[in-house]
Amino acid sequence: NPQDLSITVWAYATAGEPQPLLFKKFANHIVELDDLDEFIPQHLANILWSYAKIGEHKYTDLFDKIACVINKRDLAAFELRNISITAWSLATVNILHPTLFDLISDTVITCKFEFHSQSTVNLLWAFASIGRVDHHLFSYLLSHVKSLLRDFTCQDLATVAWSYAVANVASPDLDCAFISALQRKEGKFNDAQLRSLHQWQLWQLELGSHTNLPSSLRQRCYDAFIMDTATPSHLQDDVINELTSIGFKPKAEMIMSSSGYRLDACIMVHGEKVGIEVDGPYHFTGYIPNGHTILKRRQVPAIDNMKIISVPHWEWYALSSYSSRGKQEYLLRKLSESLGFVITEKMINLNYPVKEEEEEDN
């Protein structure tokens, strides 16, 4: 029965014991059911959470079926906990169900739920993570965030900060209380949390705000941010090789000194430094930029005063049957459209290598 099904997968996920064959069998069984009318909200939320928790992202049919079922229910009859778990689970497996997320937003805003820290944080992170920037929802939740600040853990504070930076919904009334909450836990943040707080600080610079993290914490955030590394992909290497073939002299994995962001490549075009981002599948929810991509595309131009050219993975893979010349024409077209002028061969011949920013400053 529904309770047995949900409790079983919940128990294995909670124990951290992913059993692939078991989870596959349960998912297939639930998908093949004619309807899920007997599943109450808690059953549905528990199943979604369990598959998201163990990292089983391949069961899109299961997530889609349950999302469609929940979308037809009256969410006002749900507990906020189950609503937030649903949103968190879909975002964790990178599934955007637009109508359901709109319904969740409308329900949260219009119903008189009692807000707790975990449900609030889950909602904010879910919407920000998949790039579903809902200004109305984020504005509505500001008062609840302020009332819950003392209940928030280090992870909660970092998540809330990052989520509001993505949504770009400011609240000067919240800033002082938020800084105080950070100071109370200043020495307890781990590197991942410090990186999120760094992006929040960059957001304050974007806004022209005078709100700053304590200087010691601010430096720790910056240091943690620039120390975060990623392994270059074959896709990135391919794009850099084609840029080199055109005649550019790209600098790979360049760290911008002002923001701390690491760009896949930088080139000089007619005396102007341009960033190249080769955006693989993990930069998107479907074809929509996710929260991390939104922040980077917004903050590098604002903080480092540099244009970013995005090369989405599906556009590059579509060129796989093209000759090298076809890929080069694609890159030149992208650059010309972004810079606002046609790049000539003479401009390319005048290009020179991008120097490290520290060398330029010296």
Side-chain angles (χ1 to χ4, degrees), residues 131 133 166 168 199 202 206 225-226 228-357 360:
V133 177
V166 173
N168 201 18
Q199 291 175 299
L202 293 180
E206 285 185 80
F225 194 73
I226 64 172
D228 190 29
T229 59
T231 303
S233 65
H234 294 301
L235 184 67
Q236 180 180 339
D237 291 339
D238 193 20
V239 172
I240 290 176
N241 288 337
E242 294 300 345
L243 287 169
T244 303
S245 297
I246 291 172
F248 294 110
K249 300 174 178 63
K251 175 76 176 179
E253 296 294 311
M254 185 167 179
I255 297 176
M256 310 308 299
S257 61
S258 295
S259 69
Y261 274 107
R262 185 187 302 269
L263 299 182
D264 291 339
C266 285
I267 60 174
M268 297 297 296
V269 182
H270 202 44
E272 182 175 351
K273 192 184 293 183
V274 179
I276 308 294
E277 280 293 286
V278 185
D279 292 328
Y282 292 109
H283 291 79
F284 301 92
T285 302
Y287 295 101
I288 300 173
N290 61 24
H292 291 283
T293 306
I294 288 172
L295 269 184
K296 192 171 188 178
R297 288 186 183 179
R298 204 183 71 216
Q299 291 186 331
V300 169
I303 307 300
D304 300 296
N305 194 30
M306 177 189 290
K307 289 183 179 178
I308 288 185
I309 310 299
S310 170
V311 180
H313 64 95
W314 65 86
E315 291 186 4
W316 193 255
Y317 288 141
L319 300 170
S320 59
S321 61
Y322 284 57
S323 64
S324 182
R325 183 58 186 168
K327 294 179 179 179
Q328 294 170 20
E329 289 174 351
Y330 164 86
L331 290 170
L332 287 171
R333 185 169 63 253
K334 276 267 184 181
L335 287 164
S336 298
E337 290 172 353
S338 177
L339 296 172
F341 56 81
V342 176
I343 299 172
T344 65
E345 185 175 348
K346 182 178 180 181
M347 292 178 186
I348 297 172
N349 292 335
L350 289 174
N351 275 304
Y352 48 90
V354 177
K355 296 180 181 179
E356 294 288 354
E357 292 189 324
E360 292 180 358

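Here, residue 1 is the first one in the sequence, and each next residue gets the next number.
- Inter-residue side-chain proximity for K249 and I267 is flagged as unmet; no heavy-atom pair is nearer than 4.5 Å.
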- Query: Checking side chain to side chain contact (heavy atoms under 4.5 Å, CB included) for the pair N168/R298: CA distance, chi angles, key distance, verdict?
  - Reply: CA-CA 10 Å; N168 201 18; R298 204 183 71 216; 3.8 Å; yes
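- Nearest heavy atom pair, residue P312 against residue F284, reads CB-CZ, 4.1 Å.
- In this structure, the side chains of E272 and K307 come closer than 4.5 Å at one or more pairs of heavy atoms.
- For S310, the side-chain hydrogen bond (donor to acceptor under 3.5 Å, both in side chains) partners are D279, R297, not counting sequence neighbours.
- Between L335 and V274, the shortest heavy-atom contact is CD2-CG1, 4.1 Å.
- Atoms CD and OG, on Q328 and S323 in that order, are 8.0 Å from each other to the nearest 0.5 Å.
- Using modelled atom types, one side-chain atom of Q299 and one backbone atom of Q199 make a donor-acceptor pair closer than 3.5 Å.
- For the atom pair CG (N305) and OG (S258), the distance works out to 9.5 Å, reported to the nearest 0.5 Å.
- Minimum heavy-atom separation, I294 to P289: CD1-O, 3.7 Å.
- Residues M256 and I303 form no side-chain contact, since every pair of their non-hydrogen atoms from C-beta on lies 4.5 Å or further apart.
- Within the 4.5 Å cutoff, the side chain of D238 has heavy atoms near those of the K327 side chain.
- Here the straight-line distance linking atom CZ of F225 with atom CZ of R262 works out to 10.0 Å at 0.5 Å rounding.
- Residues satisfying the salt bridge (Lys or Arg N to Asp or Glu O under 4.0 Å) test with R325, not counting sequence neighbours, are E329.
- At least one side-chain heavy atom of F248 sits under 4.5 Å from a side-chain heavy atom of V269.
- Using a 4.5 Å heavy-atom cutoff, the side chains of M306 and C266 are in contact.
- Contact of the Y322 side chain with the Y330 side chain is not registered, since no non-hydrogen atoms from C-beta on lie closer than 4.5 Å.
- With sequence neighbours excluded, the residues forming a salt bridge (Lys or Arg N to Asp or Glu O under 4.0 Å) with E315 are K334, listed by chain and number.
- More than 12 heavy atoms of other residues, nucleotides or ligands lie within 6.0 Å of CZ in F341, so this atom counts as buried by the packing criterion.
- A donor-acceptor pair shorter than 3.5 Å cannot be found between the side chains of N241 and T244.
- In this structure, W316 and Q236 have side chains that are not in contact, with every pair of non-hydrogen atoms separated by 4.5 Å or more.
- In this structure a side-chain-to-backbone donor-acceptor pair under 3.5 Å is present from T293 to H283.
- Put simply, the side chain of S336 never gets that close to the backbone of R333: no donor and acceptor are under 3.5 Å apart.
- Residue L263 forms a side-chain contact (heavy atoms from CB on, under 4.5 Å) with just one option from I276, I308, I255, and that option is I308.
- The heavy-atom pair separating L235 from H313 by the smallest distance is CD2-CB, 3.8 Å.
- Once rounded to the nearest 0.5 Å, the distance linking CG of L331 with CD1 of I240 reads 11.0 Å.
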